[in-house]
Amino acid sequence: MTFDLNLLIPLHALLNERNVTKAAERASVGQPAMSASLAKLRRYFNDPLLVREGRGMALTPVAVSLLGPVDDIITRISDTVSLNARFEPSAQRRQFTVAASDYASIILLRPLLAELQRDSIDVELRIASLAKGFTEGLRKSQYDLVIWPPALPHEELDKFSSQLLFSDSFVAVVDRDNPDVGDVLTAKQLRTIPYVQIEAQSTTLADVRLKELHTPPNVAVTTENFTSAACLVAGTRMTTVIPKRLHATVGAPIGLRAVDLETPMPPLIEAMYWHPQNTANAANRWLREQIRRISLTLE
């Protein structure tokens with residue numbers, strides 16, 4: 001029996017999503033059409049390919065054996081047809097959607113926007129928050145890129161392509177006139193001075209580190225991002241921990257000063273993630289190149 005090449009895209013989607021509904025969304029077809037493709041694939045391979053396991057679906061051994069080769073085929077086809085493709089922003093207006101934190105938006109995307117406007121490059125950048133389920137937007141290609149610190153585990157992001165961008169360090173910040181804190185914020189002070197904690201899609205690396213070291217801060221208020229935390233500290237005797245570059249950009253102008261932390265902190269490393277099917281996409285590749293170029297200036 002000759003394999004119908006029209007089934008290659010549905011097969012790739014089913015093997016990666018392990019769910020008919022999600023595979024249909026990934027391939028931009030209706031669920032009935034994907035179910036029909038699965039039925040044809042089962043007849044061709046004489047194997048169910050997807051079987052019920054608990055509340056979800058799992059790949060059969062035959063399907064597992066197909067996963068790598070089919071991924072390679074799709075990647076080669078995509079690379080081949082996109083080999084000479086170029087994205088010319090001057091010739092075609094394009095909207096890009098990037099999911100990013102306030103920190104990444106200010107430190108990385110703001111300089112990019114400044115360059116695009118300076119060079120009169122006519123693209124629109126939509127910045128989405130890292131709200132719950134942001135990987136779903138990436139999977140459905142609603143987001144072109146997601147910027148996320150890989151040190152914060154997120155198992156769903158492991159399915160996507162990625163590239164490291166830049167690193168930063170953490171500092172504590174207090175009001176410029178805070179009389180309680182000198183040049184170093186001690187572990188004891190962290191446990192006693194009112195603290196602004198950040199809880200958004202997940203906690204920050206700094207707060208994870210404090211928890212690991214059994215140094216719980218004296219939480220007085222909780223907010224959703226670094227920038228609002230910094231603004232809440234200004235004019236008070238509170239403190240918080242934010243990335244050093246963010247303090248230099250927004251902290252100092254609102255009257256904050258940075259102090260070293262007695263408690264050692266891990267570096268903050270940011271990476272960009274994208275759907276593998278967009279690796280060779282000319283527009284997506286252009287956007288990744290621009291962001292990567294800006295990130296190199298930060299290092």
Side-chain angles (χ1 to χ4, degrees), residues 1-82 85 94-99 126 128 130-148 150 153-163 201 271-285 287-288:
M1 182 189 300
T2 302
F3 183 75
D4 182 357
L5 292 178
N6 291 318
L7 294 174
L8 193 57
I9 296 299
L11 175 59
H12 183 247
L14 288 162
L15 292 176
N16 281 275
E17 297 295 345
R18 306 175 191 190
N19 179 287
V20 173
T21 301
K22 290 182 177 180
E25 292 173 352
R26 178 170 179 157
S28 300
V29 300
Q31 186 173 334
M34 185 58 69
S35 295
S37 295
L38 177 57
K40 292 177 182 178
L41 290 163
R42 282 171 165 168
R43 287 196 296 271
Y44 179 83
F45 289 105
N46 192 29
D47 185 87
L49 299 178
L50 290 175
V51 293
R52 180 68 59 185
E53 184 177 88
R55 299 179 64 181
M57 303 290 284
L59 300 180
T60 66
V62 170
V64 171
S65 71
L66 292 169
L67 187 56
V70 171
D71 275 345
D72 289 343
I73 291 170
I74 293 296
T75 299
R76 289 182 182 223
I77 292 174
S78 180
D79 289 348
T80 300
V81 299
S82 303
R94 173 73 147 76
Q95 181 192 73
F96 293 102
T97 301
V98 179
R126 175 176 173 266
L130 292 169
K132 184 178 180 180
F134 68 87
T135 52
E136 188 76 359
L138 190 59
R139 187 180 61 78
K140 293 179 179 180
S141 292
Q142 294 170 344
Y143 298 156
D144 295 281
L145 293 175
V146 164
I147 299 174
W148 179 266
H154 199 300
E155 62 180 25
E156 291 186 37
L157 279 177
D158 293 341
K159 302 176 183 177
F160 300 98
S161 302
S162 65
Q163 184 177 23
Q201 169 67 7
M272 59 180 168
Y273 295 80
W274 64 92
H275 199 298
Q277 72 182 17
N278 288 327
T279 295
N281 178 275
N284 192 282
R285 187 172 65 236
L287 177 62
R288 298 197 310 269

Non-hydrogen side-chain atoms of [X] and [Y] separated by less than 4.5 Å:
X	Y	answer
L59	L14	no
L38	M34	no
F45	T60	no
Q277	S141	yes
T21	Q31	yes
L50	N19	no
L41	D47	no
N278	F160	no

Atom pair [atom1] ([X]) and [atom2] ([Y]), whose distance is rounded to the nearest 0.5 Å:
X	Y	atom1	atom2	value
H275	K140	NE2	NZ	12.0 Å
R26	N16	CZ	CG	4.5 Å
L49	R18	CG	CZ	12.5 Å
L66	L15	CG	CG	6.0 Å

Inset, instruction - Give the C-alpha distance, both sets of side-chain angles, the deciding distance and a yes or no for side chain to side chain contact (heavy atoms under 4.5 Å, CB included) between V29 and I9. - result: CA-CA 11 Å; V29 300; I9 296 299; over 6 Å; no
Legend entry - W274 to Q163 - nearest heavy-atom pair and separation: CZ3-N, 3.8 Å
Inset, instruction - Return the minimal non-hydrogen interatomic distance between S161 and P276, and the atom names on each side. - result: OG-CA, 3.6 Å
Legend entry - Exam field: side chain R42 to backbone P48, donor-acceptor pair closer than 3.5 Å: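 Indeed, once roles are kept as given, a pair shorter than 3.5 Å links the two residues.
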Inset, instruction - Give me the ring orientation class for Y44 and F3: parallel if the planes are under 30° apart, tilted from 30 to 60°, perpendicular past 60°. - result: perpendicular
Legend entry - Residues D144, N281; criterion side chain to side chain donor-acceptor pair (under 3.5 Å); working and verdict: CA-CA 10 Å; D144 295 281; N281 178 275; over 6 Å; no
Inset, instruction - Decide yes or no on side chain to side chain contact (heavy atoms under 4.5 Å, CB included) for M57 and R52, but give the supporting numbers first. - result: CA-CA 5 Å; M57 303 290 284; R52 180 68 59 185; 3.7 Å; yes
Inset, instruction - May I ask you to check whether over 12 heavy atoms, not counting those of E53, lie within 6.0 Å of atom CD? - result: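 Not more than 12 within 6.0 Å, no.
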Inset, instruction - Flag yes if more than 12 heavy atoms outside N46 fall under 6.0 Å of its CG atom; otherwise flag no. - result: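 No, CG of N46 has 12 or fewer neighbouring heavy atoms, counting only those of other groups under 6.0 Å.
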Inset, instruction - Might you work through the side chain to side chain contact (heavy atoms under 4.5 Å, CB included) test for F96 and R126, ending with a clear yes or no? - result: CA-CA 6 Å; F96 293 102; R126 175 176 173 266; over 6 Å; no
Inset, instruction - Look at E136 together with R139 and state whether they make a salt bridge at an N to O cut-off of under 4.0 Å. - result: yes
Legend entry - side chain to side chain contact (heavy atoms under 4.5 Å, CB included) between T135 and V146, intermediate numbers included: CA-CA 8 Å; T135 52; V146 164; over 6 Å; no
